[in-house]
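The figures here come from the full heavy-atom set of this structure, side chains too, leaving out hydrogens, waters and symmetry mates. For the single chain, residues carry numbers from 1 onward in sequence order. Indexing begins at 1, ligand by ligand and atom by atom, following the structure's order.
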Amino acid sequence: MNRHSGPVRGGQSSGPQQDQGPGPRHFRRPLTTAVAAGLGATLLSSCGSQQLITFGDMASGYNREVAFMSIFAIALSVIIFVGVSYALFFTVNKFREDKNTAEPAQFHGNNRLEVILVVVPVIIVMFLALLTVRSMAILNPVAEQSTKIDVLGRQFWWNFSYPETTANAGGNVTNGNELIMPTKQDVALTITSGDVIHGFWAPNIGGQRAAMPANLKTWNVDTDRAGIYQGNCSQLCGGSHANMRYKVIALDQERYDTFLAAAKAYRAPEPATRSPEARGYNLFMKGKPSTGALACAACHRVQGTTAAGAAGPDLSFFGTRRTLGAGMWEAMTPEHWEAPDAKAELHAWIKHSPKVKPGSLMPTYDGSEYLVTGKKVKGGVLTDREIDDVAAYLRSLKLPEEADYWNETPVYGSTDAADNTSAQTAKTSSPTPGGNQ
Ligand code: CUA
């Protein structure tokens, strides 16, 4: 259990922990005592998380169907348990030795009893099987008109892309680690993996599905209620398995349409000449060959630019997102990424990502060694100012304000000590003009 309010470390760090700047006060302080968050049992598998996985969310039709099935299965189990217990105690009591000194009657081949002992369990199993088949028949078919979202899991992050929405700038609208979906309809997720087996698991909108390489699985999820929900990878997949998180952000139709339209029209803003963002843009696209610092664009896509890398998460809307490192850090204060602590975390992340997230495949930018397919490679070097320039560029990658899907959307499963109700609202930041240095 992780008591400090900083990033959640799910694995062993690859190096000595050094001071990562001022304490991350802007992050929601984890309440390490379990908070039953009003939505049912709360699992602390994500110890120290700023937002918890919650179960039993009846806002999801998927979950309601599973609950319906479970009530029958549990009721039946209770009846069987009581019946068997009664028969056991009745028999033990009735045939106690102190009451019955004579040897009890011995008999074999009670046909009636044997038939009952075979037929009754068969009926029970058939009943449970029919219940399951019924639920599968309801949940499995993918409706024609459902919203389609492609889910790609990789070590250790997620991409969510919208195959039916081609961006005006080319390519499908895609977002890293934050899944935006509409409420009150089936959402068909087509889930796969780019490397090992991962598990897509966001209990508020349904159960879980394995993300398998070279395998596409389509699965319906849904929720009736707008909100921000926690998702985690549920399949042990490497050093940062526990840090492979994401947010599911369910928006009512109108807001969802606004998001999708803005995302479709989005082109990354052009940085003003000589601004930090412009210097950051240049480093992002080209790296710094003189020190061996690799270009971010080789691995990341930014819609509306030439950056089209696919090895890392899509960064098109980075400035709108409020999570970093696949949900390891959350910047949910009004200052958002402009908060000093959030800036420090972003700086540390760019500078030496594998140090703050074990197993991260990002190159280092402080000249230290990192692993490329098991071999140690020396990273290039960017100065602190150059790193801040890259960060400034990333923070500038924002959807228009009306498409800010975090704005006022309730956060479910929050562990904020100040608020133990089931939901609290993600306040929007007032936009800060460029020049963040
Ligand atoms: Cu991906 Cu665990």
Side-chain angles (χ1 to χ4, degrees), residues 1-2 7-14 30 42-55 149-161 174-181 187 189-219 221 228-249 299-301 309-315 318 321-330 349 353-363 370-374 413:
M1 189 88 49
N2 193 334
V8 184
R9 292 177 206 288
Q12 293 303 308
S13 172
S14 56
T42 300
L43 180 74
L44 285 171
S45 74
S46 45
C47 286
S49 172
Q50 300 86 1
Q51 194 186 355
L52 298 175
I53 289 269
T54 53
F55 291 113
I149 301 175
D150 290 343
V151 176
L152 171 70
R154 303 210 50 182
Q155 287 170 318
F156 299 97
W157 50 272
W158 300 88
N159 255 4
F160 304 108
S161 74
T174 302
N175 199 13
N177 301 315
E178 294 182 3
L179 166 60
I180 293 96
M181 63 178 256
V187 176
L189 303 178
T190 298
I191 303 174
T192 190
S193 163
D195 39 45
V196 301
I197 302 175
H198 301 282
F200 179 94
W201 186 46
N204 293 86
I205 56 166
Q208 59 174 302
R209 278 288 185 283
M212 312 266 278
N215 180 310
L216 297 175
K217 277 191 176 122
T218 300
W219 179 44
V221 294
I228 293 168
Y229 307 106
Q230 181 70 23
N232 275 42
C233 179
S234 61
Q235 183 80 42
L236 182 61
C237 58
S240 261
H241 156 64
N243 298 322
M244 190 173 163
R245 301 145 179 261
Y246 54 98
K247 300 291 182 194
V248 173
I249 296 145
C299 295
H300 296 281
R301 173 178 176 268
D314 196 297
L315 298 178
F318 182 91
R321 276 157 43 183
R322 300 197 189 179
T323 57
L324 172 65
M328 276 186 85
W329 296 272
E330 296 176 356
W349 173 259
S353 160
K355 187 161 90 184
V356 293
K357 179 168 180 172
S360 165
L361 299 178
M362 224 167 94
Y370 65 103
L371 292 176
V372 177
T373 57

Given side chain to side chain contact (heavy atoms under 4.5 Å, CB included), test Leu179 with Ile149 step by step and report yes or no. CA-CA 9 Å; Leu179 166 60; Ile149 301 175; 3.6 Å; yes
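- Residues Arg321 and Leu315 are in side-chain contact: their nearest non-hydrogen atoms beyond the backbone lie under 4.5 Å apart.
- Taking distances strictly below 2.8 Å, the protein N/O/S atoms close to atom 1 (Cu) of ligand 1 are His198 ND1, Cys233 SG, Cys237 SG, Met244 SD.
- Pairs engaging residues 194-205 under the salt bridge (charged side-chain N to carboxylate O under 4.0 Å, His left out) rule: Arg154-Asp195 [sequence neighbours left out].
- Remark: Tyr246 pairs with Trp158, Phe160, Phe200 by the ring-ring contact (aromatic ring centres under 6.0 Å, His included) rule, at least two apart or across chains.
- Judged by distance alone, the side chain of Glu178 and the main-chain N or O of Thr323 form a donor-acceptor pair under 3.5 Å.
- For Ser234, the side chain to side chain donor-acceptor pair (under 3.5 Å) criterion is met by Gln208, not counting sequence neighbours.
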